[in-house]
Amino acid sequence: MAKPNYQELVFDITRLIPPGRVSSYGAIADYLSLGSARMVGWALRTSFVQDGVPAHRVVNSKGELSGRANFTPPSLMQKLLEAEGVKVENDRVVNFKEVFWHPEELGW
DNA sequence: GGATTGACGTCTG
DNA sequence: GCAGACGCCAATC
């Protein structure tokens with residue numbers, strides 16, 4: 001059945017994140033009306049194994065790479081972010097508010 | 001089928 | 001302003 005799971009929803013939003021930008025769980029949760037940021041974290045956790053989903057662009061509201069431990073290797077998350085132009089230091093996004101991206105920015 | 005877990009966020013003290 | 005507790009809903013064991 002073509003029943004879109006939460007994963008697909010978070011998937012879609014995560015894939016829409018432009019390079020050099022980072023999104024937060026709360027923003028995605030709010031955009032998808034999930035009601036809980038945990039849903040986003042859980043979805044990404046089970047989805048980060050998928051390809052084409054820049055899960056490394058999704059951080060918590062503090063700009064911390066919370067899920068870096070799930071990456072292989074964990075430093076890969078920071079490496080990918082830096083490779084896209086997002087400066088990461090101390091496992092946190094530098095100028096987080098400047099690189100912060102919201103799904104509503106797509107223009108709907 | 002039930003209990004636990006999970007990349008967080010928000011509220012209250 | 002900081003710290004701790006709760007809530008949220010679905011998937012997995």
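When reading the values below, keep in mind they use all heavy atoms of this one structure, side chains included, and skip hydrogens, waters and symmetry mates. Predicted, not measured: the structure shown is a model, and the values here were computed from it. Numbers restart at 1 for each chain; the letters A, B, ... are given by sequence-line order, proteins then strands.
Closest heavy-atom contact between A:Val58 and A:Tyr25: O-OH, 3.5 Å. Across every non-hydrogen atom of A:Ala37 and A:Ala29, the tightest pair is CA-CB, 3.8 Å. The two atoms that bring A:Ser23 and A:Ile17 nearest to each other are CB-CD1, 3.4 Å, heavy atoms only. Smallest separation of non-hydrogen atoms from A:Trp101 and A:Leu16: CZ2-O, 3.7 Å. Of all heavy-atom pairs spanning A:Thr72 and A:Leu76, the tightest one is O-CD2, 3.6 Å.
Near-neighbour residues of DNA chain B inside residues 54-79 of chain A, defined by a heavy atom below 4.0 Å, number-ordered: A:Ala55, A:Asn60, A:Ser61, A:Ser66, A:Gly67, A:Asn70, A:Phe71. Contacts with DNA chain B (heavy atom under 4.0 Å) in residues 93-102 of chain A: none are found.
Heavy-atom contacts of chain A under 4.0 Å fall on DNA chain B between two terminal nucleotides, which in 5' to 3' order are B:dG6 to B:dG9.
Qualifying side chain to side chain contact (heavy atoms under 4.5 Å, CB included) partners for A:Glu98, counting only residues two or more places apart in sequence or in other chains: A:Asn95. In this structure A:Arg68 satisfies the salt bridge (Lys or Arg N to Asp or Glu O under 4.0 Å) test together with A:Asp91, sequence neighbours excluded. Residues satisfying the ring pair (Phe, Tyr, Trp, His ring centres under 6.0 Å) criterion with A:Phe71, sequence neighbours excluded, are A:Phe48.
Ion pairing of A:Arg21 with A:Glu84 is absent here, as no side-chain N (NZ or NE/NH1/NH2) approaches a carboxylate O to less than 4.0 Å.
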What pairs of donor and acceptor atoms, side-chain ones from residues 60-67 of chain A against any protein atom, are under 3.5 angstrom apart with sequence neighbours left out?
unit_1  : atom_1 : unit_2  : atom_2 : d
A:Asn60 : OD1    : A:Lys62 : N      : 3.0
A:Asn60 : OD1    : A:Gly63 : N      : 3.0
A:Asn60 : OD1    : A:Glu64 : N      : 2.7
A:Asn60 : ND2    : A:Glu64 : OE1    : 3.3
A:Asn60 : ND2    : A:Ser66 : OG     : 3.0
A:Ser66 : OG     : A:Glu64 : O      : 3.1

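Pairs engaging residues 36-45 of chain A under the side chain to side chain donor-acceptor pair (under 3.5 Å) rule: none recorded [sequence neighbours left out].
Counting heavy atoms from C-beta on, the side chains of A:His102 and A:Phe100 come closer than 4.5 Å.
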For nucleotides 3-9 of chain C, tabulate all protein N/O to nucleotide N/O atom pairs closer than 3.5 Å, reporting atom names and distance.
unit_1 : atom_1 : unit_2  : atom_2 : d
C:dG7  : O6     : A:Arg38 : NH1    : 2.9
C:dG7  : O6     : A:Arg38 : NH2    : 3.3
C:dC8  : O4'    : A:Ser36 : OG     : 2.8
C:dC8  : N3     : A:Arg38 : NH1    : 3.4

